[in-house]
Amino acid sequence: MKQNIVIGSDHAGFDLKDFFKTYLSNEGFNVNDVGTNSHASCDYPDIADKVAEHIRNNPDDLGILICGTGVGMSMAVNRYPFIRGALLYNIDEAKLARQHNNANVIVFAGRMFENKENLDFLNAFLSAEFSNEERHKQRIKKLSKQLTK
């Protein structure tokens, strides 16, 4: 059975989100779209919150977020201690985000790359597996630690 994926975007990532939804569904993934549903302006933190909440309730699922540059969505979703969000700008980052960081949310820049390039990043991420090495597990544990300062 294929991975469950929750996907969301703001207005700048809407077209890429629909492209990914179609692709992932055709590949047999279960895709849950949390919005936005048009090109109308919306606030990216609201969408990032929906994806984070989904991951909190379904920790085995993966998340995809898309905005114009990917920076805003990355900042918004990484506020949560249980999220390891990675902004993908090349294939090596996509593989390492999974292999070393066990990323559970990946973020795309909808205005920076063509769909084909973004699809290459997505497939590199989805085909990689967490290395499960102790050094990486230790680092991930530290990422999940709540800050009290």
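We're numbering straight along the sequence, starting at 1. What you are looking at is a predicted structure, and each value in this text was computed from that prediction instead of being measured. Scope of the values below: all heavy atoms of this structure, side chains included, with no hydrogens, waters or symmetry mates.
- Counting only heavy atoms from C-beta outward, the side chains of I140 and F130 approach each other to under 4.5 Å.
- Within the 4.5 Å cutoff, the side chain of N118 has heavy atoms near those of the L16 side chain.
- Under the 4.5 Å side-chain heavy-atom criterion for ILVMFWY residues, a single connected hydrophobic cluster contains both F20 and V34.
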Show me the donor-acceptor pairs within less than 3.5 Å that the side chains of residues 68-77 make with the rest of the protein, sequence neighbours left out.
residue : atom : partner : partner atom : Å
T69     : OG1  : V71     : N            : 3.2
S74     : OG   : G70     : O            : 2.8

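- Results of the side chain to side chain contact (heavy atoms under 4.5 Å, CB included) test with Q138 over H136, K141, K142 single out K142 as the only residue that passes.
- Judged by distance alone, with hydrogens and angles left aside, the side-chain atoms of S25 form no donor-acceptor pair with the main-chain N or O of T22 at under 3.5 Å.
- Here salt bridge (charged side-chain N to carboxylate O under 4.0 Å, His left out) pairs that include residues 106-115, with residues two or more places apart or in two chains, number zero.
- Under the ring pair (Phe, Tyr, Trp, His ring centres under 6.0 Å) criterion, Y89 pairs with F113, sequence neighbours left out.
- Screening residues 44-56 for side chain to side chain donor-acceptor pair (under 3.5 Å) gives N32-H54, D49-R79, D49-Y80, E53-R56, E53-N57, H54-D61 as the qualifying pairs, with residues at least two apart or on separate chains.
- Counting only heavy atoms from C-beta outward, the side chains of I83 and N104 approach each other to under 4.5 Å.
- Taking every heavy atom of both residues into account, K2 and G28 meet most closely at CB-O, 3.2 Å.
- Annotation: salt bridge (charged side-chain N to carboxylate O under 4.0 Å, His left out) contacts involving residues 8-17, sequence neighbours excluded, comprise K17-D33.
- By the 4.5 Å heavy-atom criterion applied to side chains, L88 and V107 are not counted as neighbours.
- Under the side-chain contact (heavy atoms from CB on, under 4.5 Å) criterion, Y23 pairs with E27, L119, L122, N123, not counting sequence neighbours.
- Residues forming a salt bridge (Lys or Arg N to Asp or Glu O under 4.0 Å) with D120 (at least two apart in sequence, or on another chain): K116.
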Apply side chain to side chain contact (heavy atoms under 4.5 Å, CB included) to residues K21 and I7 and explain how you reach the verdict. CA-CA 8 Å; K21 272 179 42 181; I7 190 169; 3.9 Å; yes
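- The distance from the CG atom of D18 to the CD1 atom of I66 is 9.0 Å, given to the nearest 0.5 Å.
- Both I64 and M112 belong to a common hydrophobic cluster when Ile, Leu, Val, Met, Phe, Trp and Tyr are linked at side-chain heavy-atom distances under 4.5 angstrom.
- Residues meeting the side-chain contact (heavy atoms from CB on, under 4.5 Å) test with N101, sequence neighbours left out: none.
- Under the 4.5 Å side-chain heavy-atom criterion for ILVMFWY residues, a single connected hydrophobic cluster contains both L24 and L65.
- In this structure a side-chain-to-backbone donor-acceptor pair under 3.5 Å is present from N78 to G85.
- For the salt bridge (charged side-chain N to carboxylate O under 4.0 Å, His left out) condition, the pairs that include at least one residue of residues 128-140, sequence neighbours left out, are E133-R135, E134-K137.
- I47 and L87 fall within the same hydrophobic cluster, defined by Ile, Leu, Val, Met, Phe, Trp and Tyr side-chain heavy atoms under 4.5 Å apart, directly or through other members.
- At least one side-chain heavy atom of I55 sits under 4.5 Å from a side-chain heavy atom of V105.
- Taking H11 as the reference, nothing meets the ring pair (Phe, Tyr, Trp, His ring centres under 6.0 Å) condition, with sequence neighbours excluded.
- Of all the heavy atoms in N37 and F14, the pair that sits closest is C-CE1, 3.3 Å.
- Between F125 and L62 the shortest side-chain heavy-atom distance falls below 4.5 Å.
- Pairs of residues two or more places apart, or lying in two chains, never qualify as salt bridge (charged side-chain N to carboxylate O under 4.0 Å, His left out) while including a residue from residues 81-100.
- Taking 4.5 Å as the limit, some side-chain heavy atom of S9 sits within range of a side-chain heavy atom of T36.
- Considering only residues two or more places apart in sequence or on other chains, L96 meets the side-chain contact (heavy atoms from CB on, under 4.5 Å) condition with Q99, H100.
- Taking the six-membered ring where tryptophan is involved, the planes of F108 and F121 are essentially parallel, since the angle between them stays under 30° and well short of 60°.
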